[in-house]
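First the structure, in the form of C-alpha cells, and then the observations on it.
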Amino acid sequence: DTLVEIEWGEGPAINITPANYQVQCSTSAPVLFNSSYSSSVWKLNNQVVTTDSILTAQQSGIYVLEASSGNCITYDTVELILVSPPVFDISSNDGFVICDGNAVTLESELVNGHWYYENALIDAAQSIQAEVSGWYSVRFDSICSSVDSVFITSASPNLAHITASSALH
C-alpha cells in the first residue's frame, strides 16, 4: 500500500494592470504591466521575456504571465497592440507664397485634421485657405498624434512701369 497525498488549492490571484487589452502609440513610453504576485514569468511567443513582476513591453503581441505559489501555477494574458502614428504632408497646388493678397489652398492627405495658424486653432477640415503669412499646421489626434507644419510667405509682385514716349522711330 502506497499512500499518495494530493493537495487541492487555488493558484495565486493575478492582477495585471493596466487592463488585459491595450492599444498604444508605438512612440509612447513602454507599457508597464504589473503582476500582483512576486514569482512571475512573462512570455511572448513562448519565449521568456522577463521573470520580474514588472514587464516593459515594447512589441505588439499576446503576453502570458505565469505566476506560481508553491505547487500552484496560474496563467493570465494581456494583449498589446502598438499603432504607428499617421504620416502625412501638407500640400498646395497654389504654392506656399501668397501673391498680391490672394489666398493659397493648403491640403492635408488625411481627413479629420485640426488646422492651426500660429498655434491657434482655426478649423477642422481637410483643406483651408491661407490668407496671411505665418506658420500653418495640421494635427491629427487619435491613438497617436501627428503634426505637419508649413510657413506661408506673402509677396508683392514686381510691377513694371511703362512710360509712353511721343517719339516714334
Side-chain angles (χ1 to χ4, degrees), residues 1-93 96 104-130 134-152:
D1 288 297
T2 304
L3 181 61
V4 176
E5 187 176 323
I6 299 176
E7 291 183 28
W8 293 96
E10 294 183 15
I14 296 179
N15 182 22
I16 298 176
T17 56
N20 290 347
Y21 180 79
Q22 286 290 307
V23 179
Q24 185 170 338
C25 187
S26 61
T27 59
S28 300
V31 179
L32 299 177
F33 298 106
N34 188 359
S35 108
S36 59
Y37 202 75
S38 60
S39 177
S40 306
V41 176
W42 289 93
K43 295 180 181 179
L44 175 63
N45 299 324
N46 291 325
Q47 300 294 317
V48 174
V49 178
T50 184
T51 56
D52 294 334
S53 62
I54 296 176
L55 168 67
T56 305
Q58 298 178 0
Q59 182 180 346
S60 292
I62 297 175
Y63 290 84
V64 176
L65 171 61
E66 176 184 308
S68 59
S69 174
N71 294 328
C72 295
I73 299 174
T74 302
Y75 297 90
D76 200 359
T77 61
V78 61
E79 183 174 8
L80 173 64
I81 299 173
L82 296 177
V83 178
S84 297
V87 177
F88 62 94
D89 288 314
I90 295 174
S91 63
S92 173
N93 290 337
F96 297 108
V104 297
T105 301
L106 300 177
E107 295 186 48
S108 170
E109 297 170 339
L110 302 175
V111 295
N112 299 324
H114 291 87
W115 285 91
Y116 295 82
Y117 171 72
E118 301 288 338
N119 295 321
L121 180 65
I122 55 174
D123 200 0
Q126 188 168 0
S127 65
I128 61 164
Q129 295 291 313
W135 281 102
Y136 289 83
S137 58
V138 63
R139 179 182 178 100
F140 292 91
D141 291 313
S142 60
I143 295 168
C144 294
S145 296
S146 290
V147 176
D148 192 21
S149 300
V150 64
F151 189 80
I152 300 295

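Sequence positions, counted from 1, serve as the residue numbers for this chain. Just so you know, these numbers come straight off a predicted model, no measurement behind them. Just the heavy atoms: all of them, side chains too, but no hydrogens, waters or symmetry mates, feed the values below.
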From Leu82 CG over to Leu80 CG, what is the distance, rounded to the nearest 0.5 angstrom?
-> 4.5 Å
Which residues satisfy the ring-ring contact (aromatic ring centres under 6.0 Å, His included) test with Phe88, sequence neighbours excluded?
-> Phe140
Kindly compute the distance separating CD (Gln24) from OG (Ser60), expressed to the nearest 0.5 Å.
-> 10.0 Å
Flag, side chain of Ser92 to backbone of Thr105, donor-acceptor distance under 3.5 Å = yes
With a cut-off of 6.0 Å (strictly less than), are more than 12 heavy atoms of other residues, nucleotides or ligands near CG of Asp141?
-> yes
Interatomic distance, OG@Ser142 vs CG@Asn112, rounded to 0.5 Å, equals 10.0 Å
Mind checking whether Leu44 and Gln59 have side chains closer than 4.5 Å, heavy atoms only?
-> yes
Between Glu118 (side chain) and Trp135 (backbone), is there a donor-acceptor pair under 3.5 Å?
-> yes
Between CD on residue Glu66 and OG1 on residue Thr74, distance to nearest 0.5 Å | 9.5 Å
Between Ser137 and Ser149, the two heavy atoms sitting closest are CB-OG, 3.1 Å
Go through the side-chain N and O atoms of Gln126 and Ser108 and say whether any donor and acceptor fall under 3.5 Å apart.
-> no
Approximate separation, where rounding is to 0.5 Å, of Ile152 CD1 and Phe96 CZ = 6.0 Å
Going through the distances and angles, do Val83 and Val23 end up as a side chain to side chain contact (heavy atoms under 4.5 Å, CB included)?
-> CA-CA 7 Å; Val83 178; Val23 179; 3.6 Å; yes
Test item: Arg139 and Ser145 side chains (from C-beta on) under 4.5 Å apart, heavy atoms = yes
Side chains of Pro85 and Thr27 in contact at under 4.5 Å (non-hydrogen atoms) | yes
So CD1 of Ile81 and SG of Cys25: to nearest 0.5 Å the spacing works out to 13.5 Å
Report yes or no: does Thr77 contribute a side-chain atom to a donor-acceptor pair with the main-chain N or O of Val64 at less than 3.5 Å?
-> no
So, do Val147 and Tyr116 sit near enough that their side-chain heavy atoms are less than 4.5 Å apart?
-> no
Flag the pair Val150 / Leu106 as yes when at least one side-chain heavy-atom distance between them is below 4.5 Å, and no otherwise.
-> yes
Hits for salt bridge (charged side-chain N to carboxylate O under 4.0 Å, His left out) against Asp89, two or more places apart or cross-chain, chain-then-number order -> none
Excluding sequence neighbours, so at least two apart, what forms side chain to side chain contact (heavy atoms under 4.5 Å, CB included) with Ile122?
-> Trp115, Tyr117, Ile128, Tyr136
